[in-house]
Engineer: 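My questions will all concern the structure given below.
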Amino acid sequence: MSQHPITKAIRTQTDRTNEMEHSSPLFLTSSFCFDNAEEMRATFADETDYNIYSRFSNPNVQEFVDRVCALEGAEAGYATASGMSAVFASFMALLKKGDHLLSCNAIFGSTHTVVTKFLPKWGIEYSYFAADKPDTWEAAIRPNTKMIYIETPTNPGLDIIDLEKISALAKKYNVILNVDNCFATPVGQRPIDLGADLVVHSATKWMDGQGRVLGGVVVGKKELIHDIYLFCRSSGPALSPFNAWVLSKSLETLDVRMERHASNALQLAKKLESHPKISWLKYPFLPSHPQYDIAVKQMSSGGGIVCFELKGGLESGRAFLNNLRMLSLTANLGDTRSIASHPASTTHAKLTEEERLAVNITPGLIRISVGLEHIDDIAQDILQALEMI
Ligand SMILES: *Cc1c(COP(=O)(O)O)cnc(C)c1O
């Protein structure tokens, strides 16, 4: 019987050394030795799978990649120093001058910057489709479209994109489907099972889950990953062995952590949904979510992010943050500690109101990354902060 992905991820590890350690040791080495010239020649000629240099591969990094592959049901992968370097490498290795990248309108801020400010410099076109208007997706595909890049749930608006529908379109037009699965995590959603070719992650978020290290990973079809590997081994966004070791241990508890994050988030969403100071609230597993049916079809958990709109707009958003006593005000998400953010006055403050609305950032939008504190304490802090607005 084949093992469940969660078991496989926990049980996949580097070969034991002579010490017979139970947990994987840390291979803090930049390079690896060979016994003789012939072995070195054969390794450089790709005739062995020995490690050469930690920019190319390292046992801790490979263990982390193998575990993510087990969780995502992927053939191969490559881990990078941050989520953004995984996203960037997937673009650089697979797109060229004259190609078109089609993306959903709500994507992570730095990804948006790479797509709109850098890709055009290299002659790569882009356009966005509305995540919540599936009828418009097919017409957005152009003859030179090479890749469709999406996030689902989207950040920070939590729109859900139907993965089966978008992957059917990608197949029909022979386009690579690349999915940022950071918000759902592989224990909440497996895009490859639904037809995605590549999955990218910021491992900095839920995968580590404790706000300690940066990391990223891209997994998927072997031939695509090979091209990404060739780009990365030469351009150098390698994940450090130490960070890989931290992330690899973190994956052993991903499933149990996400279960609690999600149950806390669902309880919080239910408590706040009809609050008089909130005009709307979104959580993928609340029946009131506009794409609830798709969420429950393709996700096994609603994840740990809840977002809502304060009736008082921009000023209320700022006041809400100031009133919080326990929740952290910080740029991260996916931590044991709950985090509140108000994109309109922070991450997206430089945009005009019109630009913000184009990416679904409304003036009073609050995003909560629900932590592992007791739900009563999380809810109480938010309720008292709402009370004082
Ligand atoms: C944080 C994040 C990224 C970027 O990851 P870093 O590790 O910060 O580089 C990409 N996508 C999403 C959805 C994120 O939340």
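In each ligand, atom 1 is the first atom listed, and ligand 1 is the first ligand listed. What you see is a predicted model; the values in this text were computed from it and never measured.
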Engineer: Please tell me if the side chains of Asp180 and Tyr149 come closer than 4.5 Å, counting only heavy atoms from C-beta onward.
Structural biologist: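 Answer yes - side chains close enough.
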Engineer: First locate atom CG of Leu95, then atom CH2 of Trp122, and finally report the distance between them rounded to the nearest 0.5 Å.
Structural biologist: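 Taking CG in Leu95 and CH2 in Trp122, the distance rounds to 11.0 Å.
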Engineer: Under the 6.0 Å and 45° cation-pi test, does Lys282 pair with Trp280?
Structural biologist: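 Judged by the rule (NZ or CZ under 6.0 Å from the ring centre, within 45° of its axis), Lys282 counts as positioned above Trp280.
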Engineer: Cation over ring, Lys222 on Tyr229, under 6.0 Å and within 45°?
Structural biologist: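 That pair does not qualify as a cation-pi contact.
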Engineer: How about Thr113 and Ser110: does a side-chain donor come under 3.5 Å of a side-chain acceptor?
Structural biologist: no
Engineer: For Arg257 and Thr253, test the side chains for any donor-to-acceptor distance below 3.5 angstrom and give the result as yes or no.
Structural biologist: yes
Engineer: For a distance cut-off of 3.5 Å, show me each N or O of ligand 1 paired with any protein N or O, plus the separation.
Structural biologist:
from: ligand 1; atom 1: 5 (O); to: Ser202; atom 2: OG; distance (Å): 2.9
from: ligand 1; atom 1: 7 (O); to: Gly83; atom 2: N; distance (Å): 2.8
from: ligand 1; atom 1: 7 (O); to: Ser202; atom 2: OG; distance (Å): 2.8
from: ligand 1; atom 1: 7 (O); to: Thr204; atom 2: OG1; distance (Å): 2.6
from: ligand 1; atom 1: 9 (O); to: Gly83; atom 2: N; distance (Å): 3.1
from: ligand 1; atom 1: 9 (O); to: Met84; atom 2: N; distance (Å): 2.8
from: ligand 1; atom 1: 11 (N); to: Asp180; atom 2: OD2; distance (Å): 2.7
from: ligand 1; atom 1: 15 (O); to: Lys205; atom 2: NZ; distance (Å): 2.7

